[in-house]
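One structure is given below, encoded as structure tokens.
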2 protein chains.
Amino acid sequence: MIWRMATVTETKKSRVSEAKVRPGGQGARMRDVAHAAGVSLMTVSRALREPQKLSEETRKAVLDAVQKIGYVPNSVAANLASNRSTVVGQIVPSIQNSLYADTVKGTADVLRTAGMHLLIADSGYSMQEEEALIGAFLSQRVGGLILHNTDHTPKALQMIERAGVPVIETGDVPRDPIDMVVSYSNADAAKAMTLHLASRGFKRIGFVSLDTRTNRRARERQRGYLAGLKSLGRAKDPLLMMEVPGGLTSGSHAMVDMMQRAPDVDAIFFAGDVLAIGALFEAQRRGWKVPGRIAIAGFDDLDILQHTVPRLTCLRLPRLEIGRRSAEALLGRMRGDDAPVLLDLGFEVIQREST
Amino acid sequence: MIWRMATVTETKKSRVSEAKVRPGGQGARMRDVAHAAGVSLMTVSRALREPQKLSEETRKAVLDAVQKIGYVPNSVAANLASNRSTVVGQIVPSIQNSLYADTVKGTADVLRTAGMHLLIADSGYSMQEEEALIGAFLSQRVGGLILHNTDHTPKALQMIERAGVPVIETGDVPRDPIDMVVSYSNADAAKAMTLHLASRGFKRIGFVSLDTRTNRRARERQRGYLAGLKSLGRAKDPLLMMEVPGGLTSGSHAMVDMMQRAPDVDAIFFAGDVLAIGALFEAQRRGWKVPGRIAIAGFDDLDILQHTVPRLTCLRLPRLEIGRRSAEALLGRMRGDDAPVLLDLGFEVIQREST
DNA sequence: CTGTTAGCGCATTCAA
DNA sequence: TTGAATGCGCTAACAG
């Protein structure tokens with residue numbers, strides 16, 4: 001049963017639109033504050049940015065005037081005049097994915113404490129879109145870029161180089177970084193999980209990932225899985241490998257398909273988003289024992305994984321920390337530290353009941 | 001068992017830092033393009049913004065020069081000169097919460113097609129923080145604001161009024177809007193769910209929400225629940241009402257507590273975030289039948305709710321649509337439409353197996 | 001259709 | 001410690 005409610009109202013009443021006399025929006029400027037405080041424009045500018053360089057008397061007079069007038073500085077003009085920016089741009093594959101939200105949160109928190117702000121966009125997993133966004137961000141003269149991606153178009157690379165802004169790449173450890181890197185290694189993590197599953201006694205370990213052709217992170221994870229098999233002395237088996245779209249439904253189908261194609265599979269490592277959760281729910285629906293009938297491991301430690309029945313084995317990646325460290329590295333650069341940073345923040349294998 | 005890997009490397013190698021001759025970052029300016037194309041500065045400006053006003057010949061010459069030089073316009077200067085902005089600011093309670101991510105996504109998508117961008121911040125559910133962020137956004141001279149909140153500090157209201165920027169409030173339908181509203185009614189939605197549960201035959205319907213003292217949306221939902229009871233001719237029972245923090249664990253505790261305090265409760269309506277999912281998992285762990293032993297309903301239609309066993313009854317709110325419509329209303333205002341908008345986008349009650 | 005003049009609001013640099 | 005001159009890179013308004 002579905003109830004529905006929706007109404008649309010057009011009204012003429014609104015506080016702002018009635019109060020808005022001068023369209024375009026503005027307010028007091030610095031000179032207005034200067035007049036009110038009986039000082040020069042420069043003194044106001046200083047009172048706001050380097051208050052310690054003024055006598056206590058004038059400083060107070062200026063700040064009082066600022067309060068009284070309700071002056072809000074124009075940081076666009078400040079940016080233009082000083083050639084410095086208080087904004088950093090971050091591009092993630094998808095805003096809706098809570099994994100990236102963690103990274104964004106870490107970045108935003110650190111930037112805020114430094115009085116800076118974050119311009120966010122999502123590329124929809126597309127390099128072309130990323131290129132367009134990088135152009136837009138550079139046009140806004142952001143002070144730095146954080147890219148959750150390590151593949152870029154030639155034009156994007158060229159724009160970044162010409163702009164000379166500091167850049168952080170996250171999401172993987174690239175061979176040839178643009179500038180700074182704050183990340184973990186997808187290949188190392190996938191290999192570690194593969195070895196872990198083997199150590200738990202599983203003989204036929206399946207691997208399900210997103211499309212490795214278009215997604216480097218998926219490709220690296222697959223590489224790690226195969227490296228794990230190799231170091232175990234096991235052969236690669238196409239029946240045990242699948243590439244599927246993201247999503248809960250996709251995970252459930254992948255599990256069922258693989259168990260049909262390779263009935264002796266005893267564990268499946270889902271190296272993408274929420275695939276493992278979808279598979280677990282499917283097992284619940286079918287009454288399959290996890291790990292008795294099939295063991296399930298995931299890649300990211302989503303909050304929910306430790307609440308399901310059974311709880312899910314997975315990797316834990318330092319998403320929030322990546323965001324924080326990225327922001328810190330960027331701030332360092334803007335302050336003039338010129339030591340490029342390559343941070344591999346590592347990962348953990350979290351063993352739970354599902355394996 | 002936990003594996004761990006983490007390495008930290010400081011290196012001096014980096015493409016950009018070596019290529020970066022002129023620190024501070026810049027590139028070609030418009031006059032460089034003008035020289036290269038043999039035209040005036042204004043012609044370049046027009047070629048980029050109103051190409052149809054130029055002869056095909058000059059336009060091509062300019063755009064070729066732009067390509068060749070790799071010119072990236074400085075929209076900070078453009079903004080200052082034109083007193084227009086290509087950026088909109090959005091403040092949500094939490095970036096990490098995927099509910100808000102949907103709204104953000106809708107906003108960002110619509111803005112992008114209009115060549116605009118989104119500055120995002122989270123207030124951490126605090127009005128004070130919201131005030132600070134509004135100040136920062138206005139300082140950046142954003143062209144509009146989208147606030148997922150309907151309670152604001154007096155100073156915030158004052159700043160907004162003085163700036164004269166268009167504002168959208170989302171997240172509830174306020175009695176006294178600042179400007180435009182694009183939302184749904186929390187009270188109506190909660191009442192509808194309460195009546196729905198009664199129509200399914202449940203006699204003792206519990207209500208669990210977030211803190212109603214600090215969170216207006218929680219307060220409105222509680223009001224809707226009580227209105228529902230009243231129209232059913234049922235009395236308010238404190239034993240059937242709880243306020244708890246957010247989170248899966250919190251939901252599971254709430255369910256257990258309420259069933260201990262009021263053993264005859266036959267359905268619980270969880271009006272916050274992921275509480276219902278936490279409760280369902282707890283029921284699975286304890287082997288309680290849902291809805292046999294206890295029925296469970298949630299508020300937001302998270303993707304996962306239709307995959308759990310059993311699937312969860314909930315409300316469906318038009319999060320993405322709220323983002324889209326907000327952006328559209330804002331764009332309309334910037335273009336000069338001055339009809340304030342009050343949109344109630346409604347909701348649906350989704351009946352599934354858990355009730 | 002194209003160019004010229006003026007100035008957006010602030011910070012830098014110098015002088016007082 | 002404070003102030004005056006100059007310009008950041010671009011667009012509006014006008015002239016040609």
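Lettering of chains follows the sequences in order, A, B, ..., and the numbering in each one begins at 1.
Contact annotation for B/L80: base contact, defined as any heavy-atom pair under 4.0 Å involving a base atom. Residue-level contact check: A/S75 touches neither bases nor backbone, having no heavy atom under 4.0 Å from any strand.
The NZ-P distance, from A/K60 to D/dT1, rounds to 19 Å in whole Å. The distance from atom CD of A/Q140 to atom P of D/dC8 is 21 Å, rounded to the nearest whole Å. The CG-C1' distance, from A/N83 to D/dG7, rounds to 12 Å in whole Å. Rounding to whole angstrom units, CG of residue B/L48 and P of D/dC10 are separated by 9 Å. To the nearest angstrom, C1' of C/dT2 lies 14 Å from CZ of B/R59. Between A/L54 atom CG and D/dG3 atom C1' there is a gap of 12 Å when expressed in whole angstrom units. Spacing between atom CG of B/L138 and atom C1' of C/dG9 amounts to 16 Å, rounded to whole angstrom units.
Checked against side chain to side chain donor-acceptor pair (under 3.5 Å), A/R29 has no partners two or more places apart in sequence or in another chain.
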Collect all protein-nucleotide pairs involving nucleotides 11-15 of chain D in which both atoms are nitrogen or oxygen and the distance is under 3.5 Å.
unit_1	atom_1	unit_2	atom_2	d
D/dT11	OP1	B/R49	NE	3.2
D/dT11	OP2	B/S45	OG	2.5
D/dA12	OP1	B/R84	NH2	2.2
D/dA12	OP2	B/R49	NH1	3.2

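With rounding to the nearest 0.5 angstrom, the CZ atom of B/R59 is 12.5 Å from the CG atom of B/L48.
Salt bridge A/K60/A/D64: present, at least one basic N to carboxylate O contact under 4.0 Å. We find that B/D109 and B/R112 are joined by a salt bridge, their nearest charged nitrogen and carboxylate oxygen being less than 4.0 Å apart.
In this structure, the side chain of A/T43 does not engage the main chain of A/V39 through any donor-acceptor pair within 3.5 Å. In this structure, the side chain of A/D172 does not engage the main chain of A/P174 through any donor-acceptor pair within 3.5 Å. Side chain of A/T153 to main chain of A/M127: no donor-acceptor pair is present (N/O by atom type, distance under 3.5 Å, no hydrogens or angles).
Taking five base pairs at each end of the helix from C/dC1-D/dG16 to C/dA16-D/dT1 and finding the rotation axis that steps the C1' atoms of four pairs onto the next four gives two axes whose angle is 30°, to the nearest 10°.
An OP1 or OP2 oxygen of C/dC1 is reached within less than 4.0 angstrom by no side-chain nitrogen or oxygen of B/S55. Distances shorter than 4.0 Å separate some side-chain N or O of A/Y71 from OP1 or OP2 on C/dC10. Taking only side-chain nitrogens and oxygens, A/T43 comes nearer than 4.0 Å to OP1 or OP2 of D/dG3. Taking 4.0 angstrom as the limit, B/T58 places a side-chain polar atom (N or O) nearer than this to OP1 or OP2 of C/dT2.
The shortest non-hydrogen separation linking B/L345 to B/R325 is CD1-CG, 4.1 Å.
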Could you go through B/I146 and B/V88, starting from their C-alpha distance and side-chain angles, then the distance that decides it, and tell me whether this counts as side chain to side chain contact (heavy atoms under 4.5 Å, CB included)? CA-CA 8 Å; B/I146 302 178; B/V88 163; 4.2 Å; yes
